[in-house]
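Small disclaimer: the values here were computed from a predicted structure and weren't measured.
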Amino acid sequence: MKRLICAIMCVALLAVTFTGCAKAKSLHYDVVLITDGGLVTDGAYNESAWSGVKEYCDEQGLSCRYYQPPVEEDSPVTTETALKYIDLAVSNGAAMIVLPTDAFEVAVYEASSLYPQAQFILVDGMPHPEGSDIDAFMNNVMTVDFNSLESGFLAGYTAVISGNTNLGYFGSIQSETSSRYGAGFLQGAGYAADELGIPVRLAYADYDSQLLDYDYSFTLTANYDRIENIGEDCYVVTVENGKGSGTYTEGSNVAITADPAPEGKVFDHWDYKSNTDGVKDSKVNLSETKKTETNLLVEKCDCTITAVYADAPSTTYPVIVKTADGSADFSAQYIMAGDSCNVKAPAAESGYVFDHWQIETANGAEADIDDAYAKDTWVHISDEVGGITLTPVFAESTEPTFDVTVVTGEGGNGECTGAGSYVTDDNIEVAAALPQEGYIFTHWSNADADGYGAGISMENEFSPYTSYTMVNRYQAVVEKMYDNGASVVFAGGNEDIGAVSEATKIYNYPKYAIGSENWQQGWENYYSVVLKDYGSAVKACLSDYKGGYNYTGRCSNDGIYMSFVDDENKAQYDAVYQALANNRISLVNVAPGADVRYANNFNCLSLDYWVVITYEFDLSVE
């Protein structure tokens with residue numbers, strides 16, 4: 001029993017720490033596969049690649065094994081870790097090393113020169129230096145890619161023969177792979193439509209194209225109603241020196257927040273009183289009276305709640321946040337030495353994002369700030385530093401920004417706050433204007449330029465003071481496809497493929513997606529998935545290794561296939577698969593950003609131009 005435990009510990013230490021068993025160096029494996037951190041039983045690419053290694057080695061009488069590097073959750077294997085495992089494989093005599101997925105692109109570029117005697121197979125990636133996107137062909141690296149044009153064709157063909165006649169493609173001009181997938185999808189759908197003699201519509205969108213006329217902005221509206229229409233008792237809450245004022249129904253739980261203390265003062269307590277005759281002050285139900293943030297349970301009375309400030313026991317210093325141009329104060333608060341306060345930058349203008357704080361201190365000493373590159377951070381005050389002035393500096397965003405307008409609906413009095421330009425995952429606070437006399441705030445609503453919901457989720461849509469997290473507004477393109485009748489959408493090659501999966505979840509009736517190589521297990525509402533057969537590709541490369549050469553998985557070598565095809569459609573699918581394999585179907589490629597209509601040579605397929613272009617092309621030939 002002790003010997004068995006020792007052996008198990010030895011293998012574990014070998015795989016994780018590269019130390020331990022004295023005999024580890026004498027182990028020899030002809031072929032080693034290094035996973036991207038996943039299991040070889042993951043039901044995906046690691047398992048597929050390992051099956052190819054095993055099948056080849058069993059046939060050739062060679063030894064093989066796999067290493068599974070440790071990775072952080074939902075993170076790819078790092079180059080540093082990959083190189084350690086490549087070194088381990090070489091030291092154990094591996095003549096051939098198989099690396100599945102593009103997680104190894106930089107590692108194999110570096111390892112190929114470190115170990116010129118080793119033969120590497122990189123599946124679904126190209127070697128390149130760190131920080132560069134220029135592919136390199138290495139003499140001892142054989143690469144594998146897969147035919148995206150044929151893959152897209154299979155997806156489009158399968159969608160139509162399965163009964164879908166209204167389709168969508170969600171692409172990206174930044175990806176040449178996406179363009180090939182999209183062109184293939186169009187031609188597969190058109191081929192099936194003509195074969196069946198049925199009309200098929202296809203909405204085609206490169207979400208990041210200059211030709212796409214789509215407004216990703218949306219409007220948040222604070223809605224109000226007359227009190228007599230509510231059907232419940234309503235009471236007026238007035239908050240002085242703080243936030244939380246409004247008209248509320250009995251039983252509402254209202255968040256109350258004190259304003260920053262004036263110069264030379266500190267918050268002391270809340271005063272409260274009933275404004276309804278016959279109702280005692282004690283009926284004003286505050287959860288706390290000594291903290292700057294408290295909650296009010298609205299009872300049967302109007303009330304006034306006042307933040308009271310006392311003289312500060314020591315000098316207070318100003319913490320000023322300027323507007324972007326530095327011409328005015330965005331916020332101001334006074335803090336004693338030894339205390340801290342939170343600061344937030346104003347919203348960015350369209351196309352820009354917060355970059356860093358420009359900081360000035362009253363005494364010239366270095367400011368104590370948690371993170372000068374965070375738009376929401378903490379500042380710590382000392383006598384040495386004195387007052388602090390922070391000016392936000394914005395830069396052009398390298399990621400999408402989405403514009404939000406916040407408007408006051410009928411019955412409101414004044415302006416709502418929270419408008420600006422934001423990026424995905426920003427948390428945004430909004431505040432509704434106070435209601436006019438005789439009105440009450442009821443809820444927040446949101447809509448895009450076409451009147452559809454923007455897909456955001458408010459923390460509490462029934463509270464006038466709330467927040468929400470900015471969603472990926474590119475999903476709106478997919479939603480528009482579904483809103484216009486599409487039953488299935490494909491996004492092969494688009495890194496933003498998750499927008500399709502998320503869009504399917506907001507409908508109460510079936511909406512589906514076709515997945516591709518970056519489809520994740522567990523995603524809902526997918527019809528089928530275009531799969532790449534890593535196993536067949538790896539076995540082919542091991543059987544006929546050619547350094548500096550690229551092997552392409554396609555129909556002719558069974559390198560690609562659909563994960564699911566109905567039995568009743570299997571014969572049609574098999575026939576068109578063989579036609580592709582035997583080059584009896586000629587496909588037209590479309591360059592990134594090009595007019596996809598040039599590939600539509602089918603009688604029964606029509607494209608929805610609203611999502612393709614903003615102006616008409618002259619397609620006539622003189």
Side-chain angles (χ1 to χ4, degrees), residues 220-262 265-312 331-334 342 406-418 428-446 457-468:
L220 270 175
T221 301
N223 295 274
Y224 305 81
D225 199 356
R226 292 185 178 276
I227 290 177
E228 59 261 30
N229 295 334
I230 298 301
E232 297 181 61
D233 292 334
C234 298
Y235 300 94
V236 177
V237 175
T238 302
V239 179
E240 297 182 350
N241 303 329
K243 297 177 181 177
S245 295
T247 302
Y248 302 95
T249 57
E250 182 183 358
S252 297
N253 196 326
V254 181
I256 309 292
T257 305
D259 290 336
K265 301 286 186 177
V266 292
F267 174 82
D268 188 71
H269 68 278
W270 292 101
D271 272 349
Y272 53 91
K273 66 175 183 176
S274 167
N275 295 331
T276 300
D277 291 340
V279 178
K280 297 180 180 180
D281 292 344
S282 59
K283 295 298 289 183
V284 180
N285 191 350
L286 285 181
S287 61
E288 288 279 353
T289 60
K290 293 293 187 180
K291 294 183 179 180
T292 57
E293 296 183 358
T294 186
N295 284 282
L296 168 70
L297 181 63
V298 177
E299 307 232 12
K300 295 181 179 293
C301 66
D302 299 334
C303 63
T304 297
I305 302 169
T306 304
V308 179
Y309 303 92
D311 290 338
S331 67
Q333 48 192 317
Y334 290 85
N342 178 249
V406 184
V407 302
T408 304
E410 181 182 355
N413 183 22
E415 294 185 0
C416 301
T417 63
I428 302 130
E429 295 179 349
V430 291
L434 293 177
Q436 297 176 17
E437 186 174 354
Y439 283 82
I440 184 172
F441 171 87
T442 56
H443 66 284
W444 292 97
S445 61
N446 64 83
S457 179
M458 311 291 292
E459 183 178 356
N460 183 355
E461 64 182 293
F462 302 106
S463 171
Y465 307 95
T466 188
S467 64
Y468 67 92

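Enclosure of atom CG in Asn229 by more than 12 non-hydrogen atoms of other residues, nucleotides or ligands within 6.0 angstrom is indicated. Heavy-atom neighbours of Tyr272 OH from other residues, nucleotides or ligands within 6.0 Å: at or below the threshold of 12. Remark: Glu228 CD is packed, more than 12 non-hydrogen atoms of other residues, nucleotides or ligands lying under 6.0 Å away.
In this structure, the side chains of Thr442 and Ile230 come closer than 4.5 Å at one or more pairs of heavy atoms. Two residues are said to be in side-chain contact when any heavy atoms from C-beta on lie closer than 4.5 Å; Phe267 and Pro260 fail this criterion. Tyr309 has its side chain within reach of Asp259: a pair of non-hydrogen atoms, C-beta onward, lies under 4.5 Å apart. Considering only heavy atoms from C-beta on, Val284 comes within 4.5 Å of Cys303 through its side chain. The closest side-chain heavy-atom distance from Trp270 to Leu296 is not below 4.5 Å. In this structure, Tyr468 and Val430 have side chains that are in contact, with non-hydrogen atoms separated by less than 4.5 Å. Val406 places none of its side-chain heavy atoms less than 4.5 Å from the side chain of Thr417. Residues Tyr334 and Pro262 form no side-chain contact, since every pair of their non-hydrogen atoms from C-beta on lies 4.5 Å or further apart.
Counting only N and O atoms by type, the side chains of Ser467 and Glu429 include no donor and acceptor under 3.5 Å apart. Checking Ser274 against Asp281 by side-chain atom types alone, no donor-acceptor pair falls below 3.5 Å.
Screening residues 235-252 for salt bridge (charged side-chain N to carboxylate O under 4.0 Å, His left out), with sequence neighbours left out, gives Glu250-Lys300.
In terms of heavy-atom proximity, Asn413 sits nearest to Thr408 at N-CG2, 4.2 Å.
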>> Could you walk me through whether Leu220 and Met458 satisfy the side-chain contact (heavy atoms from CB on, under 4.5 Å) test, starting with their C-alpha distance in whole Å, then the side-chain angles of each, then the deciding distance to 0.1 Å, before giving a yes or no?
In response: CA-CA 11 Å; Leu220 270 175; Met458 311 291 292; 4.1 Å; yes
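Counting only distance, with no hydrogens or angles, the side chain of Thr294 and the backbone of Glu288 share a donor-acceptor pair below 3.5 Å. At distances below 3.5 Å, not a single donor-acceptor pair connects side-chain atoms of Asp225 with backbone N or O atoms of Asn223. Distance alone, capped at 3.5 Å, places no donor-acceptor pair between the Ser252 side chain and the Val254 backbone. Using a distance-only test at 3.5 Å, with no hydrogens or angles considered, a donor-acceptor pair links the side chain of Thr466 to the main chain of Asn460. Judged by distance alone, with hydrogens and angles left aside, the side-chain atoms of Gln436 form no donor-acceptor pair with the main-chain N or O of Glu410 at under 3.5 Å. Counting only distance, with no hydrogens or angles, the side chain of Ser245 and the backbone of Val239 share a donor-acceptor pair below 3.5 Å.
For Lys280, the side chain to side chain contact (heavy atoms under 4.5 Å, CB included) test picks out Ser282, with sequence neighbours left out. Residues satisfying the side-chain hydrogen bond (donor to acceptor under 3.5 Å, both in side chains) test with Thr257, not counting sequence neighbours, are none.
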